[in-house]
2 protein chains.
Amino acid sequence: MYLDPKMTAAAVEVADTPRQLGTGRYAGTRRRPLPPDTAWTEFLASSRARLETLGAHEILFHEDDAANHIYEVVSGQVMLYRLINDGRRQVVDIVSAGDLFGLSMTGLHDCSAETLTAAEVRVLDRRDIEGSGALQTHVNRCLMTRIESLHSHTVLLGRKSAQERVASFLMRFVPKRGVVGCVGPAVGHDDQTVVLRMTRQEIADYLGLTIETVSRVLSDMKRRGIISIERNDHIHMASVCRVCKLTGMH
Amino acid sequence: MYLDPKMTAAAVEVADTPRQLGTGRYAGTRRRPLPPDTAWTEFLASSRARLETLGAHEILFHEDDAANHIYEVVSGQVMLYRLINDGRRQVVDIVSAGDLFGLSMTGLHDCSAETLTAAEVRVLDRRDIEGSGALQTHVNRCLMTRIESLHSHTVLLGRKSAQERVASFLMRFVPKRGVVGCVGPAVGHDDQTVVLRMTRQEIADYLGLTIETVSRVLSDMKRRGIISIERNDHIHMASVCRVCKLTGMH
DNA sequence: CGCGGTTTTGACCGGCTTCAAAGGGAGTGG
DNA sequence: CCACTCCCTTTGAAGCCGGTCAAAACCGCG
């Protein structure tokens, strides 16, 4: 049911790059919390928007379906993925509370959307937001955030080793570190438990790896005392800082 | 000056995927030409927008620079890239005529921008567009297009072999095929010459490969009669269709 | 012709995939 | 409570793709 072996990331010369860049923040999205957008919240209150409550692993739409609605994650997480004909899958994005998804320029969805966890999703008619400029401003901010997140993920897929990918992935779930902007090495002891609400297969498809490699990297980190795993989806990091150092950003 | 070896893409089971997806179009952006946006063109005419004319390999901004302007490509191509501290580089996007770039949610650019070719770029003040809803609509469309393009690139980096990446890259430059939406196998003979306005290093950094691998793949395609190379940046494809089949989308 | 840059080619190696089998954990039924 | 199944995960062994390092070829250009 599968196939194709594939590649290797590269080490790269940056010969003529003119200057050294700024502080090396973690590659996760450099997002800051969106300020409340009154036009948007008012719209939600008055509109025909409906709130859907979904269980884990429910599909919202498929690639190539007509894109007549846009979606806002209220709670939980949703993954967006693409398939290629021979069965390979790539998870292209993971969205959570406040994120918009399902917008399309072509009229057809360019990927499929499936909940990772139980989730609430607000479904809006595409045309309802197309009219209003004030709403577009909010949509805009969400799109820019997604783009910055995709840029980070591009670097991960193009240039990071398996270990760096898994470490980066773990850091995604640490509040105030990684994704939201690292606040620095954090004083005192610095342990943390993250809950992975994804199967190994989903993680692998997100990180551009195989299920076996993800498993091996986690086992190796466990062996080295960097993490401990309980119940398979609860991962305890003895030192967040140590994991962060493995991401390839420091 | 570099380093890290890296990974392998994966073959993936898609066990519980409910249905077979639609037609396998090429993974390049599924973009269709934007309809003329009168609000936008009027704005450009009346605004303080300035048009900059640049040579090849000029830098517009660096990662972490303040993002006070947004940019519109008028002609030529611009690449966006990120560096990680040890020198690895990943080109995260390549933009051309009509595309906007340099928008940021955080106030700082999340990547650097450098021209690939001689180019004209319109530079707009960030605040000039922030006010107007009508303009946001145009910005929105551009952002959605970029996101769809990034999704395609994510699949390429996460799941494609070196040969598939290079073939996909070549198809990018074939008008009416790949990027803009494949019009099908094309009747009659179907040869085409594309001009690569990028060095091997830039191509490698875009495709998540090394310079040597890019070179080897191209040599191999040449040996097999699929392409011929003249003057190093002119690549003649004997049959576009044949190259397209190597992209991994068919 | 010689020189500096990029590109190509070669030989080797290693990380990740592949293929295969063993190990858990949860649910069901006796 | 235990046996059994199913599914996911982990572990093992082997192979290959692409990276690494190094040298040769190419290509303007002075």
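Chain identifiers are assigned alphabetically (A, B, ...) following the order of the sequence lines, protein sequences preceding nucleic acid strands; residue numbering begins at 1 within each chain.
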Rounding to a whole Å, what distance do you find between A:Asp205:CG and D:dC8:C1'? 14 Å
Considering all heavy atoms, the nearest A:Val240-A:Asp191 contact: CG2-C, 4.4 Å
Checking salt bridge (Lys or Arg N to Asp or Glu O under 4.0 Å) against A:Arg82, which of A:Asp93, A:Asp64, A:Asp110 comes through? A:Asp110
Whole-Å distance between C:dT18 P and A:Leu209 CG? 11 Å
Mind calculating the distance between CG (A:Leu196) and C1' (D:dT10) to the nearest angstrom? 16 Å
Do the ring planes of B:Tyr71 and B:Phe101 sit parallel (below 30°), tilted (30 to 60°) or perpendicular (above 60°)? parallel
Will you find, in the side chains of B:His57 and B:Glu202, an N or O donor that is under 3.5 Å from an N or O acceptor? yes
Check: protein-nucleotides 7-10 of chain C nitrogen or oxygen pairs below 3.5 Å:
from, atom 1, to, atom 2, distance (Å)
C:dT7, OP1, B:Arg200, N, 3.2
C:dT7, O3', B:Asn232, OD1, 3.4
C:dT8, OP1, B:Arg200, NH2, 3.1
C:dT8, OP1, B:Asn232, OD1, 3.4
C:dT8, OP2, B:Arg200, NE, 2.8
C:dT8, OP2, B:Ser215, OG, 2.8
C:dT8, O5', B:Ser215, OG, 3.0
C:dT9, OP2, B:Ser219, OG, 2.3
C:dG10, N7, B:Arg216, NH1, 3.0
C:dG10, O6, B:Arg216, NH2, 3.4

Please state how far atom CG in B:Leu207 lies from atom C1' in D:dG18, giving the value in whole angstrom units. 13 Å
Charged N to carboxylate O below 4.0 Å: is that the case for B:Lys222 and B:Asp220? no
Rounded to whole angstroms, how far apart are CZ on B:Arg231 and P on D:dG28? 7 Å
Whole Å only: how far is the NE2 atom of B:His57 from the P atom of C:dG5? 15 Å
Judged by modelled atom types alone, do B:Arg89 and B:Tyr206 share a side-chain donor-acceptor pair under 3.5 Å? no
In whole Å, what is the span from the CG atom of B:Leu156 to the C1' atom of D:dG18? 15 Å
